[in-house]
Number of protein chains: 2
Amino acid sequence: MSSTPKYKSSSSLTTSSNRQDYLKAILSLDLKGAKASTSAISAKLNTQPASVTGMFGVLSNLNLINYIPYKGAKLTDEGRSQAISLVRKHRLWETFMVEKLGFRWDEVHEVAEQLEHVNSEQLIDRLDDFLGFPNFDPHGDPIPDSLGNIADRRSLVVVSDLEVGKMASIRGVLSSSDSFLKHLDDLGIRLGLEFEVVKVYTYDGSIQVDSAGESMIWSRKLVEQLLAEVN
Amino acid sequence: MSSTPKYKSSSSLTTSSNRQDYLKAILSLDLKGAKASTSAISAKLNTQPASVTGMFGVLSNLNLINYIPYKGAKLTDEGRSQAISLVRKHRLWETFMVEKLGFRWDEVHEVAEQLEHVNSEQLIDRLDDFLGFPNFDPHGDPIPDSLGNIADRRSLVVVSDLEVGKMASIRGVLSSSDSFLKHLDDLGIRLGLEFEVVKVYTYDGSIQVDSAGESMIWSRKLVEQLLAEVN
DNA sequence: TAAAAAGATTAGGCATGACTAAATTTATTG
DNA sequence: CAATAAATTTAGTCATGCCTAATCTTTTTA
Ligand SMILES: [Mn+2]
Ligand SMILES: [Mn+2]
Ligand SMILES: [Mn+2]
Ligand SMILES: [Mn+2]
């Protein structure tokens, strides 16, 4: 005999944005091959380990994770699917902000952290369409499609691995530190920039590239963090 | 002697989305010349009057409203400013969804109700720019600018008031009921549609218009709810 | 203008999601 | 392999918002 709930249901269909952030944090550790321990999650989410234990209990009851005390959490199929959907939203919004609104790479993460919780599949699918179904976000991270499939990064190469004569386009970065992204901005290196590797200096690993008729030299440290797609 | 807060501050700069919805509801009653009573607010927000009394206490402590028990609430300058900022966000997101993502007028409200709570002035100002600084949302409601100024509707006229020979463009609607918006969709009446008033039938108040080379007749009931800008 | 009706507030709870401190389990190390 | 150290869980609170029921106030109406 099921009675009408007394409180506004945090319905089985909607996971609160707090819980969503936990799922995402667990997924991100999982993708790195790391264990989703309470301390690791608490570090990621800026909470206390005890709070994570509490949330693990909640998510476990919702069948979004399998949780064994002292052994960490693993996403269930449903939990994983929800986490991937969040990553999709996060990365599409980041792409939107950079491509359409003119934000820099280093400015979009925090806001995407909020936008990803807007609950509308229609919205995100149309946004995807509007953006031309991009495969990678401004940081070079793959954007899951509407079915949850994640393209791997096979199609992207680290610029330091490019050989002389290769034409390529900037697609992402390995580090998203503020200082790095601002440096890229200073040098005019932005998403979609096409360039050709003209010379590789073995002395310090820097490379000379031609781009839009101009020639410049990128340091080894820089190109090790730059992702490109070979044209 | 100020001590570090024990809990994550619901900082003085950020008003939670629940509180924001209350501020917006109070503003909307105020703009209609109605009193912000607990029952009126509770009806708007689908809560109980007792809950509104509780929230009035909270908002009053935050100096966002002036609240006199049994007499209702009035927005302070700060409360009003925050409410207007929310309306701005809500209407810009609605405009974005209709103009850029191809949603219909009747599909955007619920999602905008979520998007309006994304907290970033930068984001909304750039979105405004991206949309070309629109003055009205898809429902014909004015969009406050970044300073909080709200254009009045003087520049829009109800289509039933147009005289024969006038050229105009559809800019909004007075009713946002699903059935009405779907009817507009059926007839191909959409935002931005340019038309000329060819004839007004005094018999039933319907009007004949020419638009994009085609001629059609719009009913009195229809044109009384349609807003246009004279070209 | 007094009683009834309508509207608003208070009182007492509950769900969610944090936090601290104390207790417990697991991992490390001499 | 026992004793520390580190990680995790439990216990006890707290802030936010919402709910129902009971108790005022204010407004209507006879
Ligand atoms: Mn988030
Ligand atoms: Mn990213
Ligand atoms: Mn809202
Ligand atoms: Mn609107």
Side-chain angles (χ1 to χ4, degrees), chain A residues 3-26 29 34-74 113-114 117 119, chain B residues 3-26 29 34-74 113-114 117 119:
Chain A
S3 60
T4 312
K6 190 171 181 183
Y7 299 97
K8 282 190 177 164
S9 66
S10 67
S11 122
S12 41
L13 281 175
T14 42
T15 304
S16 78
S17 67
N18 277 320
R19 294 169 184 180
Q20 290 178 337
D21 282 337
Y22 276 91
L23 295 179
K24 234 181 22 144
I26 297 168
L29 285 170
K35 195 182 76 169
S37 64
T38 53
S39 56
I41 299 291
S42 76
K44 255 192 181 311
L45 299 182
N46 271 294
T47 59
Q48 295 302 311
S51 308
V52 178
T53 302
M55 186 58 85
F56 277 4
V58 170
L59 296 175
S60 190
N61 284 335
L62 293 170
N63 286 306
L64 294 170
I65 63 172
N66 289 125
Y67 165 54
I68 304 174
Y70 295 101
K71 296 296 177 188
K74 285 198 201 327
E113 202 55 50
Q114 296 180 60
H117 301 294
N119 182 30
Chain B
S3 60
T4 313
K6 190 171 180 184
Y7 298 97
K8 282 191 177 163
S9 66
S10 68
S11 122
S12 41
L13 281 174
T14 41
T15 304
S16 78
S17 67
N18 278 320
R19 294 169 184 180
Q20 289 178 337
D21 281 338
Y22 276 91
L23 294 179
K24 233 178 27 140
I26 297 169
L29 285 170
K35 195 182 76 168
S37 64
T38 53
S39 56
I41 299 291
S42 76
K44 255 192 181 310
L45 298 183
N46 271 293
T47 59
Q48 295 303 311
S51 307
V52 178
T53 303
M55 187 58 85
F56 277 3
V58 170
L59 296 175
S60 190
N61 284 336
L62 292 169
N63 286 306
L64 294 170
I65 62 172
N66 289 125
Y67 165 54
I68 304 175
Y70 295 101
K71 296 297 175 189
K74 282 196 202 327
E113 202 55 50
Q114 297 180 61
H117 301 293
N119 181 31

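In what follows, chains carry the letters A, B, and so on, assigned in the order in which the sequence lines appear, proteins first and then strands, with residues in each chain numbered from 1. All values derive from a computational prediction rather than experimental measurement.
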Please examine the side chains of A:Tyr70 and A:Thr53, heavy atoms only from C-beta on, and report whether any two atoms are closer than 4.5 Å. no

Does D:dC18 have OP1 or OP2 under 4.0 Å away from a side-chain N or O of B:Ser51? no

Using whole Å, what does the distance between atom C1' of nucleotide D:dT8 and atom CD1 of A:Ile41 come to? 14 Å

Using modelled atom types only, decide if a donor and an acceptor are shared between the side chain of B:Ser60 and the backbone of B:Gly57 within a distance under 3.5 Å. no

Is there side-chain contact between B:Leu29 and B:Lys44, with heavy atoms separated by less than 4.5 Å? yes

Given C:dT20, D:dA21, D:dC18, identify the nucleotide with an atom nearest to the side chain of A:Ala50. C:dT20

B:Leu59 atom CG is separated from D:dG17 atom C1', nearest whole Å, by 12 Å

A:Phe56 CZ to D:dT8 P, straight-line distance once rounded to whole Å: 9 Å

OP1 or OP2 of C:dT10 under 4.0 Å from side-chain N/O of B:Thr53: no

Between B:Asn18 and D:dC18, does any side-chain N or O lie under 4.0 Å from OP1 or OP2? yes

Find the distance B:Lys71:NZ to D:dT25:P and express it as a whole number of Å. 13 Å

Of all the nucleotides listed (D:dT27, C:dT9, D:dC19), which has the minimum atom distance to the side chain of B:Pro49? C:dT9

Selected nucleotide, minimal atom distance to B:Met55 side chain, candidates D:dG17, C:dT9, D:dT9: D:dG17

Any heavy-atom pair between the side chains of B:Leu62 and B:Arg19 that's under 4.5 Å? yes

Are any side-chain N or O atoms of A:Gln20 and backbone N or O atoms of A:His117, one a donor and one an acceptor, separated by less than 3.5 Å? no

A:Ile68 CD1 to D:dT9 P, straight-line distance once rounded to whole Å: 11 Å

Value in whole Å for how far the P atom of C:dG17 lies from CG of A:Asn61: 12 Å

Please work out if A:Tyr22 contacts a base, only the sugar-phosphate, or nothing of the nucleic acid, heavy-atom cut-off 4.0 Å. sugar-phosphate

Flag, side chain of A:Gln48 to backbone of A:Ser42, donor-acceptor distance under 3.5 Å: no

Any side-chain heavy atom of A:Tyr22 sitting closer than 4.5 Å to one from A:Val52? yes

Using a heavy-atom cut-off of under 4.0 Å over every strand shown, decide if A:Pro69 touches base, sugar-phosphate, or nothing. sugar-phosphate

Can you measure A:Leu23 atom CG to C:dG17 atom P for me and round it to whole angstrom units? 11 Å

Provide, to the nearest angstrom, the distance between the CD atom belonging to A:Gln20 and the P atom belonging to C:dT16. 15 Å

Might you list the N or O atoms of the protein lying below 3.5 Å from N or O atoms in nucleotides 5-7 of chain D, with each pair's distance?
none

Where the side chain of A:Tyr67 is defined as all heavy atoms beyond and including C-beta, which of C:dA8, D:dT9, C:dT16 is the nearest nucleotide? D:dT9

